[in-house]
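Presented below is the structure to which this report refers.
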There are 2 protein chains.
Amino acid sequence: MTKNTRMTKQKQVILDVLRSTKSHPTADWIYEQARKQLPNLSLGTVYRNLGVLKDMGELLELNYGSTYSRFDGNPVNHYHFVCLNCHKVLDIEMDVEERLNNKVEEVMGCHVKHHRLEVYGTCPQCLCKN
Amino acid sequence: MTKNTRMTKQKQVILDVLRSTKSHPTADWIYEQARKQLPNLSLGTVYRNLGVLKDMGELLELNYGSTYSRFDGNPVNHYHFVCLNCHKVLDIEMDVEERLNNKVEEVMGCHVKHHRLEVYGTCPQCLCKN
DNA sequence: TTAGATGCAAAGGGTTTGCAACGTC
DNA sequence: GACGTTGCAAACCCTTTGCATCTAA
């Protein structure tokens, strides 16, 4: 089992790849990018490190209806827009409404850690094409 | 391919099972329940019909970090609370904030269809246990 | 009668894992 | 040197699909 106490080339490169993009890549895309620097990298290692980095809070795992996950190198909570036409995932430049947490705590009688908002629709690019 | 023009025993039972619960069951749970009435039902048929019913807007497909989907027989948009401890999914009895849609349309310049809110934390039951 | 739906089982496809070799501390 | 990590490939597991059979209309 992974204890995650050592910094390896692989972990470093994977994190670099993730930090270097504002997109929300799949594990496979990260794998392909990282292989440019580490040709012998294996997909299993990518998944293992993405899991570790996720536990560390260094990234977010998203899964918007697809069968596969997307990863977001921006661990600060923010909202996402998913285009129903081209399936792109975009960040929404909008403040997170922290008071939603309090509201839910009141209604549910629970303890809230965070929330996730996903907005679905048609992105500007796809709107132009129609 | 499924054209979904006929009402079959299978489709009826699957929809009944889904409507009869307020939980957010997996395809497999639905399958097990429906088999009590239709012992020869196959899992493939469950998936096919869930897909059809989803396209018809009769249910919502949710996937909250798990590798498998959960289905919600309440097609009216509502919010969900996910317990990080016991992984239960609960409905949040709270009005949907439609104005969020407008706000996002302004910020993004896109067309918004709907949004999904998931709140993560510890549910009342799990809070008591600690 | 006939096209759509089912049951079965095999295929798909993203993700996980066992194990020997490797590399960090 | 010890033990966490990797590469490889096989295993996993939920979901989809091809096809012969069945059935709702």
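Per chain, numbering begins at 1; letters A, B, ... match sequence-line order.
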Length of the [atom1]-[atom2] vector between [X] and [N], whole Å:
X	N	atom1	atom2	result
A/Asn49	D/dG7	CG	C1'	13 Å
B/Gln12	C/dT6	CD	P	12 Å
A/Leu50	C/dT16	CG	C1'	13 Å
A/Met7	C/dC22	CE	P	23 Å
B/Arg48	D/dT23	CZ	C1'	14 Å
A/Asn40	C/dA21	CG	P	17 Å
A/Tyr31	C/dT16	OH	P	16 Å
A/Asp55	C/dT16	CG	P	11 Å

Report the residue (A/Thr45 or B/Leu43) whose heavy-atom-nearest nucleotide on DNA chain D is the more 5′ of the two.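 The 5'-side residue here is A/Thr45.
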
Taking the nucleotide of DNA chain D with the closest heavy atom to each, which residue, B/Ala27 or B/Lys9, is nearer the 5' end?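 Going by which nucleotide is closer to the 5' end, it is B/Ala27.
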
Linked, directly or transitively: A/Tyr79 and A/Val104 (ILVMFWY side chains, under 4.5 Å):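 Same cluster: A/Tyr79 reaches A/Val104 through Ile, Leu, Val, Met, Phe, Trp or Tyr contacts under 4.5 Å.
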
side-chain hydrogen bond (donor to acceptor under 3.5 Å, both in side chains) partner of A/Asn101, the single match among A/Glu98, A/Glu97, A/Lys103: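 Among the candidates, only A/Glu98 passes.
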
Side chain of [X] - closest among [options]:
X	options	answer
B/Thr8	C/dT6, D/dC14, C/dC25	C/dT6
B/Gln10	C/dT6, D/dG4, D/dG7	C/dT6
A/Arg6	D/dA25, C/dC25, C/dG7	C/dC25

Polar side-chain atom of A/Lys11 near backbone of A/Arg6 as donor-acceptor pair, under 3.5 Å: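 Here the side-chain-to-backbone pair exists.
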
Under 3.5 Å, is there a donor-acceptor pair between the side chain of B/Arg70 and the main chain of B/Leu62?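 Such a contact is absent between B/Arg70 side chain and B/Leu62 backbone.
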
NZ/NE/NH1/NH2 to OD/OE distance under 4.0 Å, A/Arg19 and A/Glu58: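 Result for this pair is yes, salt bridge flagged.
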
Where each residue is assigned the nucleotide of DNA chain C containing its nearest heavy atom, which of B/Gly44 and B/Lys11 is assigned the position nearer the 5′ end?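 Looking at DNA chain C, the more 5' nearest nucleotide goes with B/Lys11.
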
